[in-house]
Number of protein chains: 2
Amino acid sequence: MKAEECIISRREVAKLAGVSEATVSRVLNGVGPIREETKLKVLEAARQLNYVPNVLAQQLARRRSGNLGVILPYVPKVKLFSTYYFAEILSGIGETARRMGYDLLIIPLSPVEARSYTNLFQTQKVDACIMLGSQDSAEEREALRQLHEEGYPFCLVNQHFDDEPFKTIEADHVKGGQLAATHLIERGCRRIAFLNGPNVYSNSRDRMKGYSLALQEYGIELDEQLLYLGNYSRKSGYQYAGQLAEAIREGQVDGIVAANDRMAIGLLQGLREHGVKPGRDAALIGYDDAEGARFTEPQLSSVAVPFYEMGEQAAQWLLDSLHAPSFQPDAADSGEPAEHQGAKDAAQSVVRLPVRLVPRASSLRYPNWQGDS
Amino acid sequence: MKAEECIISRREVAKLAGVSEATVSRVLNGVGPIREETKLKVLEAARQLNYVPNVLAQQLARRRSGNLGVILPYVPKVKLFSTYYFAEILSGIGETARRMGYDLLIIPLSPVEARSYTNLFQTQKVDACIMLGSQDSAEEREALRQLHEEGYPFCLVNQHFDDEPFKTIEADHVKGGQLAATHLIERGCRRIAFLNGPNVYSNSRDRMKGYSLALQEYGIELDEQLLYLGNYSRKSGYQYAGQLAEAIREGQVDGIVAANDRMAIGLLQGLREHGVKPGRDAALIGYDDAEGARFTEPQLSSVAVPFYEMGEQAAQWLLDSLHAPSFQPDAADSGEPAEHQGAKDAAQSVVRLPVRLVPRASSLRYPNWQGDS
DNA sequence: TGCAACAATGTACGCGTGTACATTATGGGC
DNA sequence: GCCCATAATGTACACGCGTACATTGTTGCA
């Protein structure tokens with residue numbers, strides 16, 4: 001009995017209800033005037049047959065997939081979902097998509113094929129797309145530019161491209177870097193090391209900018225010697241521990257800003273192994289306010305970034321723009337005006353959410369450190 | 001120029017190549033004998049027009065979506081992606097799906113609609129489905145049973161249902177609970193509290209079983225007073241801190257097994273606030289070996305669970321079974337034989353991956369505790 | 001009574017693809 | 001030169017649904 005239910009379509013419902021297929025479709029979609037009696041007949045027939053519309057056919061007929069694509073970068077050996085950063089953004093996206101009746105289509109980029117994103121849209125698998133963890137490379141920029149020119153709706157999260165009109169939801173990382181550095185300065189640090197991440201991420205560059213601004217504001221000269229480059233992994237923080245421990249002992253460094261909490265935590269653990277205790281011997285502050293920042297000893301000061309909200313807003317904006325009738329891909333015809341429009345959009349295209357300083361014990365510096373026993 | 005490219009289909013390619021649409025289809029799918037010359041003509045035309053097949057139409061014609069569904073439970077106020085448990089499993093699923101050419105369709109269950117899963121398959125949105133975080137309730141069991149009866153391919157992860165033939169990938173949590181408790185016993189504990197999670201999860205019950213076995217093995221009587229119930233959140237661990245701190249001081253408790261690391265970490269922090277230091281005043285061990293277990297002070301002993309591999313295996317088995325020609329939903333016709341087959345399957349239907357004890361400082365107990373300064 | 005307006009429904013086709021079947025070339029053995 | 005097996009291609013339709021347009025039924029009003 002159950003076996004046949006797999007293959008019932010609109011036709012069976014129509015037959016049972018004694019109406020045409022079109023009427024069934026109209027009833028189920030609430031389109032056009034329908035006599036109440038007919039409506040009930042159809043609904044009863046559908047219920048009785050346990051009819052469920054074939055979404056694939058609907059998608060083809062409507063030329064909309066109802067899927068929100070999420071592009072995940074390929075990062076070797078990194079379990080992307082497990083990083084605080086992606087997990088939080090994804091949670092925000094997922095919740096919003098669910099609320100708006102969209103499904104999430106996760107598209108992990110494969111390491112080999114450097115295909116352009118346009119294919120993705122041409123296949124119609126997704127109606128819109130959110131780009132996570134994209135890097136500022138020439139190819140990436142070109143691929144996105146093409147996407148934008150063809151009018152496909154997409155949104156970058158936490159990565160902006162200068163001089164491009166791409167819609168972007170990010171956080172104010174210049175401010176964040178400044179907050180972090182200023183915090184250490186106000187706690188008495190003068191020789192502040194900065195452990196940054198790769199420059200292909202705009203947020204790395206922004207934090208660097210903020211760090212510089214803070215130093216400048218307090219008349220502290222930027223010392224290239226104090227700049228370290230990691231890759232946002234805990235290991236890459238850990239590996240600088242020896243070097244920094246020595247610098248701290250020699251008085252060359254009295255404070256450290258790390259560009260994310262993973263590196264900060266790795267560094268913190270390494271420093272302790274070298275007998276240097278952040279919060280006592282030097283001030284340390286991380287970035288992201290990941291959950292782990294509250295687990296360390298001492299607890300890690302950080303800068304909170306509203307990742308969840310960024311995911312929410314990206315999804316919300318994208319799905320709103322799909323429903324808005326304003327979406328006109330015809331702009332490409334008129335050539336130059338499109339250019340101009342792009343420039344106008346640029347003004348509002350980047351949304352920058354505020355970040356927040358979260359001071360904890362790791363950025364204390366003097367013997368008034370409140371440790372236990 | 002770019003604008004028109006959005007609407008090219010097989011027809012345009014066929015016209016340009018001077019062949020029929022069927023030939024285009026055959027060339028692109030590598031079906032049937034094709035003259036080399038024709039093949040090149042078609043491929044050249046496709047390239048020239050920048051043709052990309054419409055996946056929606058392919059899905060409809062092939063009656064396969066190419067999507068692997070992942071059901072996420074609705075847990076109020078919890079950002080699912082951000083929990084170690086889900087994140088790791090999802091990473092494993094995602095990586096495997098990518099390798100097998102499938103996309104991941106994330107389906108977060110909404111709080112209200114308690115729809116049956118069969119709808120999901122009937123809509124054809126997914127070819128197979130992985131269930132995460134399902135609970136052992138009567139409705140859930142019934143919904144899954146229906147799914148199984150109708151022959152839809154699905155797989156549970158980290159949750160089994162007794163007496164059901166559902167395919168399941170989980171870990172040996174009985175062993176895990178036993179390992180944890182035995183570890184504490186061997187380190188000298190005799191009054192071991194157990195902070196467990198809700199019983200709707202089979203892994204909670206399994207760990208409890210393992211805990212009991214360990215006590216029994218060492219002739220320690222199980223004391224109901226020492227059983228605590230949390231909900232796997234850090235907060236729910238934290239809230240028992242006062243109670244347990246007192247019990248430890250009074251000598252009522254000398255060791256604690258927590259059913260996951262989140263609760264263990266919350267508890268650890270709470271205990272320290274009450275002046276009780278795990279690893280010195282009492283032994284504490286968590287479960288999952290989440291990343292955060294290495295961040296705490298002292299570092300948290302735990303039981304490592306191969307979540308990533310569980311995700312991999314679930315996806316692998318599911319996608320393999322789709323490609324295998326053995327898949328015959330006709331079994332329902334013959335009635336009882338299906339029952340028998342189910343019983344046979346049951347023997348292999350539950351795959352239980354091994355877990356591993358990870359001893360760290362939190363489960364030490366005596367003054368030989370190796371703290372710093 | 002006749003006619004217009006509108007409600008309610010049916011018919012027919014498009015969406016873009018896969019593929020069974022029919023048809024036409026091609027070659028080899030006699 | 002003929003016939004058959006097979007290669008190569010075209011034709012036609014199905015997949016299941018949305019919807020424009022045609023058709024029929026109903027009502028109100030002159």
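In the text below, chain A, chain B and the rest are named by the order of the sequence lines, each starting its count at 1. These numbers come from a predicted model, not from an experiment.
Between A:Arg10 atom CZ and D:dC15 atom C1' the separation is 12 Å, expressed in whole Å. Rounded to a whole Å, the NZ atom of B:Lys15 is 15 Å from the P atom of D:dG10. Note: CD1 (A:Ile34) to P (D:dG25) measures 17 Å, nearest angstrom. Rounded to whole angstrom, the span from the CZ atom of B:Arg11 across to the C1' atom of D:dT11 amounts to 15 Å.
Note that the OH atom of A:Tyr102 and the CG atom of A:Asn67 stand 9.0 Å from one another [nearest 0.5 Å]. Considering CD of A:Gln313 and CD1 of A:Ile169, their distance stands at 5.5 Å, rounded to 0.5 Å.
Residue whose closest nucleotide on DNA chain D sits further toward the 5' end, between A:Ala57 and B:Glu36: B:Glu36.
Picking from C:dG10, D:dG10, C:dG18 the nucleotide with the shortest atom distance to the side chain of B:Gln58 gives C:dG18.
Nucleic acid contact class of A:Arg35 (heavy atoms, under 4.0 Å, all strands): sugar-phosphate only.
Between the B:Glu12 side chain and the B:Ser9 main chain, a donor and an acceptor come within less than 3.5 Å of each other.
At least one side-chain nitrogen or oxygen of B:Ser20 sits closer than 4.0 Å to the OP1 or OP2 atom of D:dG10.
Taken residue by residue, residues 21-33 of chain A places heavy atoms nearer than 4.0 Å to DNA chain D at A:Ala22, A:Ser25, A:Arg26, A:Asn29. Listed in residue order, the members of residues 59-69 of chain B having a heavy atom less than 4.0 Å from DNA chain D are B:Leu60, B:Ala61, B:Arg63.
For the salt bridge (Lys or Arg N to Asp or Glu O under 4.0 Å) with B:Arg145, the lone residue among B:Glu164, B:Glu139, B:Glu150 that qualifies is B:Glu164.
Scanning both residues, A:Cys129 and A:Ile71, for their nearest heavy atoms gives SG-CG1, 3.4 Å.
Taking 4.5 Å as the limit, every side-chain heavy atom of B:Phe161 sits out of range of all side-chain heavy atoms of B:Thr168.
The environment of A:Arg11 atom CZ is sparse: at most 12 non-hydrogen atoms of other residues, nucleotides or ligands sit within 6.0 angstrom.
Between the side chains of A:Glu140 and A:Tyr117, at least one donor-acceptor pair of N or O atoms lies under 3.5 Å.
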